[in-house]
Amino acid sequence: VNLRHPFVINDLEMQYSLMDRRRVYDVLHEHGIETPRHAVLVREEGRDQAVAGSKDQCFSGMTHCLRAIQKPSVVEMEDVVDINGIVFRKPFVEKPVSAEDHNVHVYFPLDCGGGSQRLFRKVEDRCSEYSEHSSVRSSGSYIYEEFMATDGSDVKVYAVGLDYAHAEARKSPALDGRVERDDLGKEKRYPVLL
């Protein structure tokens, strides 16, 4: 792109930034777009830090205000996890910071049966499985955020230019782990009016 200067529809360099979910939150904050209450737990390359999603506290190196602590504090109780003072009651979501990693876990409270739903990249007609294990992962870097109940659907929004977005709904992968497919074998999706 830099060599030939073609007409570019998508910002190719930005696509690399969007592979890091932390950077996605940065971009959203830069543009004044609200995000769910969240905490980022970084455990990589010998650097441990916890970052809490709060606009009134600053973290050097990020474009929006956050709080960073060198030694993260992760306290897990029966239906609650505390990431450096930010408390999440189950159900909550644990997403790897890498957007390439589709191993997202949704943790449920005991009064809903407990355990966790383990989402993964689609394999044939499966996209998640239930596990009785309900403790958060002890290694790796994750974003924690509140689970949003959606009555069994999952909405994907695709931005096209500055003035148009397209949205599609599908059966939520957290529901039962099965992918609904049409007669051609494609995942069933339905248009959503925004």
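Every heavy atom of this structure was used, including side-chain atoms; hydrogens, water molecules and symmetry mates were not.
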Residues, nucleotides or ligands: over 12 heavy atoms within 6.0 Å of [X] [atom1]:
X: Met148; atom1: CE; result: no
X: Tyr158; atom1: OH; result: yes
X: Glu132; atom1: CD; result: no
X: Arg126; atom1: CZ; result: yes

Between the side chain of Ser116 and the main-chain N/O of His133, is any donor-acceptor distance below 3.5 Å?
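Yes, because the side chain of Ser116 sits within donor-acceptor range (under 3.5 Å) of the backbone of His133.
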
Considering only heavy atoms from C-beta outward, does the side chain of Ser141 approach that of Pro96 to under 4.5 Å?
no

Any side-chain heavy atom of Asp176 sitting closer than 4.5 Å to one from Lys171?
yes

Apply side chain to side chain contact (heavy atoms under 4.5 Å, CB included) to residues Ile83 and Tyr142 and explain how you reach the verdict.
CA-CA 11 Å; Ile83 306 295; Tyr142 303 97; over 6 Å; no

If I take atom [atom1] from residue [X] and atom [atom2] from residue [Y], how far apart are they, to the nearest 0.5 angstrom?
X: Ile143; Y: Ser98; atom1: CD1; atom2: OG; value: 10.5 Å
X: Arg89; Y: Met77; atom1: CZ; atom2: CE; value: 8.5 Å
X: Arg118; Y: Ser128; atom1: CZ; atom2: OG; value: 11.0 Å
X: Ser138; Y: Glu76; atom1: OG; atom2: CD; value: 9.5 Å
X: Glu187; Y: Glu168; atom1: CD; atom2: CD; value: 9.0 Å

Mind checking side chain to side chain contact (heavy atoms under 4.5 Å, CB included) for [X] and listing every partner two or more places apart, or none if nothing turns up?
X: His102; value: Arg121
X: Val123; value: Phe120
X: Glu78; value: Leu110

Evaluation steps, side chain to side chain contact (heavy atoms under 4.5 Å, CB included), between Arg137 and Asn103
CA-CA 11 Å; Arg137 291 174 271 195; Asn103 295 304; 3.9 Å; yes

For Phe108, what are the other residues in its hydrophobic cluster, where any two members join if their side-chain heavy atoms are less than 4.5 angstrom apart?
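Grouped by the 4.5 Å side-chain rule, Val93, Val104, Val106, Leu119, Phe147 form the rest of the cluster around Phe108.
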
Residues [X], [Y]: salt bridge by 4.0 Å N-O rule:
X: Lys188; Y: Asp182; value: no
X: Asp20; Y: Arg22; value: yes
X: Glu30; Y: Arg23; value: yes

Looking only at the side chains, is there a donor atom on one of Tyr130 and Gln117 sitting less than 3.5 Å from an acceptor on the other?
no

Would Lys90 and Ser134 count as a side chain to side chain contact (heavy atoms under 4.5 Å, CB included) here? Give the steps.
CA-CA 10 Å; Lys90 292 178 181 177; Ser134 62; 3.8 Å; yes

Of all the heavy-atom pairs spanning Gly140 and Arg43, show the shortest one and how long it is.
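Nearest heavy atoms, Gly140 then Arg43: O-NH1, 2.9 Å.
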
Applying ring pair (Phe, Tyr, Trp, His ring centres under 6.0 Å), can you list everything that pairs with Phe92, at least two apart in sequence or on another chain?
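So Phe92 forms a ring pair (Phe, Tyr, Trp, His ring centres under 6.0 Å) with Tyr107.
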
Residue pairs involving residues 145-157 (criterion salt bridge (Lys or Arg N to Asp or Glu O under 4.0 Å); sequence neighbours excluded)
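Every pair satisfying salt bridge (Lys or Arg N to Asp or Glu O under 4.0 Å) with a residue in residues 145-157: Arg37-Glu146, Lys95-Glu145, Asp154-Arg170.
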
Candidate pair Val97 and Val40, rule side chain to side chain contact (heavy atoms under 4.5 Å, CB included), full reasoning
CA-CA 8 Å; Val97 296; Val40 179; 4.3 Å; yes

When hydrophobic residues are tied together by side-chain contacts of less than 4.5 Å, even through go-betweens, does Val87 share a cluster with Val75?
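The answer is yes; both residues are in one hydrophobic cluster.
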
